[in-house]
Amino acid sequence: MPELPEVEVVRRGLDRWVIGRPIESVEVYNPRAIRRHTAGPLHFAEVLTGRTLLAAHRRGKYLWLPTDGGDALVGHLGMSGQLLVQPPDAPDETHLRVRIRFAADAGDGAEHQNRELRFVDQRTFGGLSVEPLAVPGADRENVPPGIAHIARDPLDPHFDATAFATALRRKRTGVKRALLDQTLISGVGNIYADEALWRARLHYARPTETLTGPQIRGLLGAAEAVMREALEQGGTSFDALYVNVNGESGYFDRSLAAYGQEDRPCPRCGTAIRRDAFMNRSSYWCPKCQPRPRRARW
DNA sequence: CAGCGTACCTGTAAGC
DNA sequence: TGCTTACAGGTACGCT
């Protein structure tokens, strides 16, 4: 569930279900799913077994869960990854890649205490790893090195809008490409980039250096607003590939104005939404509300 | 160094 | 019915 709202939905589920429970065993069914853990599957299982996850943090689309061993379990869902909290007797998913079992708590036999965490990923663009932390502990500002290059996201209380505007104008590229650059601003993917640009009435190929201050502030406000609204509705999902830790889909797809709406009327002006090929994907835009600039870049 | 294209996977749907 | 092609919400890396 790839973009910020979907990942935040998962983070909240992890925070509720897997924190404070000792890990009993770890099984890796596809080593590609932990390819960023360079020490390999055996080591991955070894360092986690017996540890307890202390918290669930997120920056952009990355998750990390500090352990009481001084390191952190890092996760990215890629294009099709899911983190599911399942009862042990639930049948294995077709694309189950990693299983993490927790020790049963003798003092509390509540049903959720023996649920296991499963990383399921059809395309295996996502993955898990264990990374050291500069300072042991559950501090959210203590970001693992593998995530250090990721910029803060618009829902981060320390996000610096002024610095973002400056950096954006220094770029020599199209505004959508910049929005998708996770080292500039994180959490925004193809859906919310198109929705934010539509709300801000900006064409995706608008050169970044020509954006005015108010336009950048408008764009940033739109990105933050659309992701907050999506989060309130449990995220966006068109099919069962994008679900929360309990396997449930969000329903923000009903609120999309531009993304996936080719040939449907723009909710603002009624003009047919268009689709262009963009970076081996698609861009959806309203030709009237978001006119193509004479000098386009992408 | 910055920007851009491509590779990495599996599955589904559309077109012939 | 089969076969082929296009496309899917992301990131990393190599080339220019």
Side-chain angles (χ1 to χ4, degrees), chain A residues 1-10 29-38 58-63 74-83 93-97 119-129 145-151 153 167-197 204-205 207-209 223 226-227 230-231 233-244 249-256 258-263 275-284 296-298:
Chain A
M1 357 205 55
E3 302 183 44
L4 186 153
E6 295 77 34
V7 179
E8 174 61 16
V9 166
V10 170
Y29 302 106
N30 184 336
R32 184 175 151 76
I34 59 149
R35 64 194 178 286
R36 300 228 312 176
H37 190 89
T38 48
R58 179 190 56 73
R59 175 166 292 186
K61 306 169 197 172
Y62 276 90
L63 294 163
V74 176
H76 195 290
L77 301 173
M79 290 280 267
S80 55
Q82 306 177 333
L83 283 165
E93 293 75 7
T94 305
H95 303 291
L96 176 63
R97 310 302 188 189
F119 180 66
V120 176
D121 191 2
Q122 177 196 101
R123 297 174 71 182
T124 61
F125 288 172
L128 304 178
S129 62
I147 308 182
H149 66 295
I150 300 297
D153 60 68
L168 185 64
R169 259 194 295 246
R170 263 202 272 270
K171 285 278 177 189
R172 291 294 176 267
T173 188
V175 63
K176 181 170 176 182
R177 199 179 263 279
L179 273 182
L180 297 176
D181 179 350
Q182 305 294 302
T183 68
L184 255 192
I185 178 173
S186 70
V188 182
N190 208 33
I191 293 180
Y192 300 110
D194 280 3
E195 292 301 304
L197 288 166
Y204 64 85
T208 47
E209 70 268 28
V226 71
M227 292 198 291
L231 178 56
Q233 298 182 49
T236 300
S237 47
F238 308 115
D239 55 50
L241 224 42
Y242 307 97
V243 295
N244 66 17
S249 294
Y251 45 94
F252 191 71
D253 60 303
R254 295 169 213 173
S255 308
L256 296 175
Y259 186 86
Q261 308 301 308
E262 185 180 20
D263 294 334
R275 182 177 81 86
D276 286 356
F278 175 87
M279 290 170 73
N280 285 325
R281 275 192 195 74
S282 301
S283 269
Y284 297 89
R297 298 182 96 132
W298 58 88

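Because only heavy atoms are used, hydrogens play no part in the values below, and waters and symmetry mates are left out as well, while side chains stay in. Chain letters run A, B, ... following the sequence lines, proteins first and then strands; every chain starts at 1.
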Given A/F252 and A/V226, is the side-chain contact (heavy atoms from CB on, under 4.5 Å) satisfied, shown in steps? CA-CA 10 Å; A/F252 191 71; A/V226 71; 3.8 Å; yes

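- Residues meeting the salt bridge (charged side-chain N to carboxylate O under 4.0 Å, His left out) test with A/R297, sequence neighbours left out: A/E209.
- Distance CZ (A/F278) to P (C/dA8): 12 Å, rounded to an integer number of Å.
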Using the side chain to side chain donor-acceptor pair (under 3.5 Å) rule, take A/T236 and A/D253 through it: C-alpha gap first, then chi angles, then the decisive distance, then the call. CA-CA 5 Å; A/T236 300; A/D253 60 303; over 6 Å; no

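- Here C/dA8 presents its C1' atom at 14 Å from CD of A/E6, a figure rounded to the nearest Å.
- Contact annotation: the side chain of A/L231 approaches that of A/V9 to within less than 4.5 Å [non-hydrogen atoms, C-beta and beyond].
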Give me the distances for all protein-to-nucleotides 3-7 of chain B N/O pairs that come in under 3.5 Å?
residue: B/dG3; atom: OP1; partner: A/R172; partner atom: N; Å: 2.8
residue: B/dG3; atom: OP2; partner: A/K171; partner atom: NZ; Å: 2.6
residue: B/dC4; atom: OP2; partner: A/T173; partner atom: OG1; Å: 2.6
residue: B/dC4; atom: OP2; partner: A/R177; partner atom: NE; Å: 3.4
residue: B/dG5; atom: OP2; partner: A/R177; partner atom: NH2; Å: 3.1

Given Watson-Crick or G-U pairs with both distances under 3.5 Å, what dot-bracket string fits DNA chain B, with | for other-strand pairs and [ ] for crossing? .|||||||.|||||||

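- Between A/V188 and A/Q182, the shortest heavy-atom contact is O-NE2, 3.0 Å.
- Residues A/S80 and A/Q122 share a closest heavy-atom pair of OG-N, 3.5 Å.
- No side-chain donor-acceptor contact under 3.5 Å links A/R58 to the backbone of A/V7.
- In terms of phosphate contacts, A/S282 brings a side-chain nitrogen or oxygen within less than 4.0 Å of OP1 or OP2 of C/dA8.
- The separation between A/Q182 atom CD and C/dG9 atom P is 14 Å, rounded to whole Å.
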What does nucleotides 9-14 of chain B look like as a protein-contact string, B for base, S for sugar-phosphate only, - for none, at under 4.0 angstrom between heavy atoms? BBS---

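- What separates CG of A/N190 from P of C/dC7 is a distance of 13 Å, to the nearest Å.
- In this structure, CD of A/E262 is placed 16 Å from P of C/dA6, rounded to the nearest angstrom.
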With side-chain contact (heavy atoms from CB on, under 4.5 Å) as the criterion, how do A/Y284 and A/Q261 come out once you've worked through the C-alpha distance, each side chain's angles and the decisive distance to 0.1 Å? CA-CA 7 Å; A/Y284 297 89; A/Q261 308 301 308; 5.6 Å; no

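- The separation of B/dT12 from C/dT11, taken at their C1' atoms, amounts to 23 Å, rounded to a whole angstrom.
- Scanning both residues, A/T183 and A/H149, for their nearest heavy atoms gives CG2-O, 3.4 Å.
- On the P atoms, C/dG9 is 16 Å away from B/dA13, given to the nearest whole Å.
- The shortest side-chain heavy-atom distance between A/R177 and A/M279 falls under the 4.5 Å cut-off.
- Atom P of C/dA6 sits at a distance of 14 Å from the matching atom of B/dT6, rounded to the whole Å.
- Spacing between atom CG of A/D121 and atom P of B/dC8 amounts to 17 Å, rounded to whole angstrom units.
- A/H37 meets the ring pair (Phe, Tyr, Trp, His ring centres under 6.0 Å) test with A/H43, A/F44; sequence neighbours excluded.
- When every heavy atom of A/G189 is checked against every heavy atom of A/K61, the shortest pair comes out as CA-NZ, 3.5 Å.
- At whole-Å resolution of the value, CG in A/L77 and C1' in C/dA8 are 15 Å apart.
- Remark: the A/Y62 side chain and the A/S186 side chain contain no N/O donor-acceptor pair separated by less than 3.5 Å.
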Write down the protein N/O and nucleotide N/O pairs, taken from nucleotides 12-16 of chain C, whose separation is under 3.5 Å; answer none if there are no such pairs.
residue: C/dA12; atom: OP1; partner: A/R36; partner atom: NH1; Å: 3.0
residue: C/dA12; atom: OP1; partner: A/Y62; partner atom: OH; Å: 2.7
residue: C/dA12; atom: OP2; partner: A/H149; partner atom: NE2; Å: 3.3

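- A salt bridge links A/D194 with A/K176: the closest approach of a Lys/Arg side-chain nitrogen to an acidic carboxylate oxygen falls below 4.0 angstrom.
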